[in-house]
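Take a look at the structure below.
Since the structure is predicted, the reported quantities are computational estimates derived from the model, not experimental observations.
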Amino acid sequence: MKHKDAACQHSGTMKLGAERAPQRSLLKADGLTDEQIKKPLIGIVNSFNDIVPGHIHLDKISRAVKDGVLMNGGTPLEFNTIAVCDGIAMGHEGMRYSLCTRELIADSVECMARAHALDALVFIPSCDKVVPGMLMAAARLNLPGLFVAGGPMLSLPGKNGAGMDLNSVFEAVGGHAIGSVTEKELCDVENGACPTCGSCSGMFTANSMNCLCEALGLGLPGNGTIPAVFSSRIRLAKRAGEIIMRLLEKNITVLDILTDTSLKNALAVDMALGCSTNSALHLAAIAHEAKLDFSLQLINEISARTPNLCKLAPAGPHHMQDLDAAGGVYAVMRQLLQGGLLDGSPMTVLGKPVRESVEDHHVLDAMVIRPLSDPYAAAGGLAAMFGNLCPRGAIVKQSAVARQMLRHEGPARVFNSENDAVDAIFGGRIRKGDVIVIRYEGPRGGPGMREMLGPTSAIAGMGLDKEVALITDGRFSGATRGAAIGHVSPEAESGGPIALLEEGDKIQIDIPAKQLNVLLSENEWETRRARHKAPEPRPLSGYLRRYAKWVSSADRGAVFLESEENE
């Protein structure tokens, strides 16, 4: 074992030479032969577990990736990361533990890959925070790497003929609260909304991020859209095992693919697809790891020139299986490229630039992927908002906002926690025209920046989504629809203006103008700052305590920074 293969430049430092006999001995304890040890060691980063429906089948995806690696001369070595199901964690203290897992996942992948001197990595994520956590690790490690997700659930039609998804259940709960949905109807929706394994079937956060892996160049065509239960998903995983060996042979690493240009391409695809508001949070964090420029203003710049071509749930009737049948993400990319809205030069994991990678992918259903000449909207799916209520920005999924709510003025209904707001909504204390404000739920104040699908779905289920807005320094599920504005920065815990709001303040929302303001004089602001007293902080322990100490504001991606940088 004296010859050092160029493809084993990392593992060679751990396994070659007489002095590495102890390490080889331990690898042999795993059952590896001398021939397997000589080959490149490919890390298979798997987020399989028995709890999360998006992850319960990832053992099969991993097996297929390993087959692809073995067929192409590598030795696959699997290890696992944690994964939280946002839907199961939603609406209780468990949601504080969702976003914060992103950093744990990134750190754990770094530790495993470096400690064991792996040569390349295939990442197998599925749900919300796992994809960006793994992307952050991929950028940090800068090895040859690619992503193959578990794929989305199928959406099956309910009694009204419309496709159902997890959001259907949350909204049915709201309808049940006002008596418009019976116990039997609620049970029927509960039983039919999530019919298969996979990530929830709309353009929610998991599917948004898995689609953006394709747009970044780090996922194979179909990564974000091929349903979890299709055999083509297994074939895609085998191909991923083949492709990682090609990338290793050519020494194409993640940061050869993840560049400023590919990040801007991903934002353009984000706007065309109408992705989750969480994509803004995660792309900022990924850019931070890759040392790329990112700002909320960049979102508006790209949104202004990129039309919204897709209306997937929650914004419209289509689901991920429809996008897949219509040509998938690469068909969207080809259309944007032809319109001069995408840069064709960045490299992809296919080993060729975007312009060549997408050339054989065509739109097969113009109702699901609209042409540039007839988009759903002239501007993209997301908008960053600014104003005296959010000096450093806030995010809204404008493609999922009813037209009559794009501009709205109403009285603030102020709550210092999600739980208090939910009690008020289900208690019938919210009136038409109100602007619900939920604060002290930001990255640090929550801590953990809980998603708030419960209150937004209750509002929609009660038929108030066209008359009531919601503003928070927390965040929303990708399944949220309506005038829901999140990520307000600075957050209340950091003394942001949202902390100074009082019941009845007039709030002015102007999404087309990207403005979010409260109608107060500067003298009134100063008076309130002088008398402001924050509520008692929540008692914290364990990881949440450390997380609250190190996490940055939402506009910076809620990443870990030195404490003096966090303000």
Listed pairs under 3.5 Å, donor-acceptor, residues 330-341 side chains, sequence neighbours left out:
unit_1	atom_1	unit_2	atom_2	d
Arg334	NE	Glu359	O	3.2
Arg334	NH1	His362	ND1	3.1
Gln335	NE2	Arg370	O	2.6

Hey, is [X] close enough to [Y] for a salt bridge, meaning N to O under 4.0 Å?
X	Y	value
Arg63	Asp59	no
Asp34	Lys15	no
Arg96	Glu441	yes
Lys66	Glu78	yes

Does any pair with a residue in residues 199-258 pass ring-ring contact (aromatic ring centres under 6.0 Å, His included), and if so which ones, sequence neighbours excluded? none
Is there side-chain contact between [X] and [Y], with at least one heavy-atom pair below 4.5 Å?
X	Y	value
Leu323	Asn207	no
Leu166	Met153	no
Gln321	Leu154	yes
Val551	Pro447	no
Glu451	Met95	yes
Ser276	Met203	no
Pro307	Leu372	yes
Met134	Thr81	yes

Does any N or O in the side chain of [X] come within less than 3.5 Å of the main-chain N or O of [Y], such that one atom is a donor and the other an acceptor?
X	Y	value
Asp119	Ile42	no
Ser262	Ile257	yes
Asn210	Ser126	yes
Thr225	Asp324	no
Asn49	Val52	yes
Ser552	Val559	yes

Quick one: closest heavy-atom pair of [X] and [Y], and the distance?
X	Y	answer
Cys211	Leu273	CB-CD1, 3.9 Å
Glu356	Lys352	OE1-CB, 3.7 Å
Lys397	Pro314	NZ-CD, 3.7 Å

Verify the distance criterion only: is there a donor paired with an acceptor across the side chains of [X] and [Y] at less than 3.5 Å?
X	Y	value
Ser279	Asp270	yes
Arg102	His282	yes
Ser553	Ser489	no

side-chain hydrogen bond (donor to acceptor under 3.5 Å, both in side chains) involving [X] - partner list, sequence neighbours excluded:
X	value
His55	Ser47
Asn265	none
Thr306	none

Worked check of side-chain hydrogen bond (donor to acceptor under 3.5 Å, both in side chains) between Asp165 and Ser155: CA-CA 6 Å; Asp165 52 56; Ser155 170; 5.6 Å; no
Residues 239-249 side chain polar contacts: donor-acceptor under 3.5 Å, at least two apart:
unit_1	atom_1	unit_2	atom_2	d
Glu242	OE2	Arg246	NH2	2.4

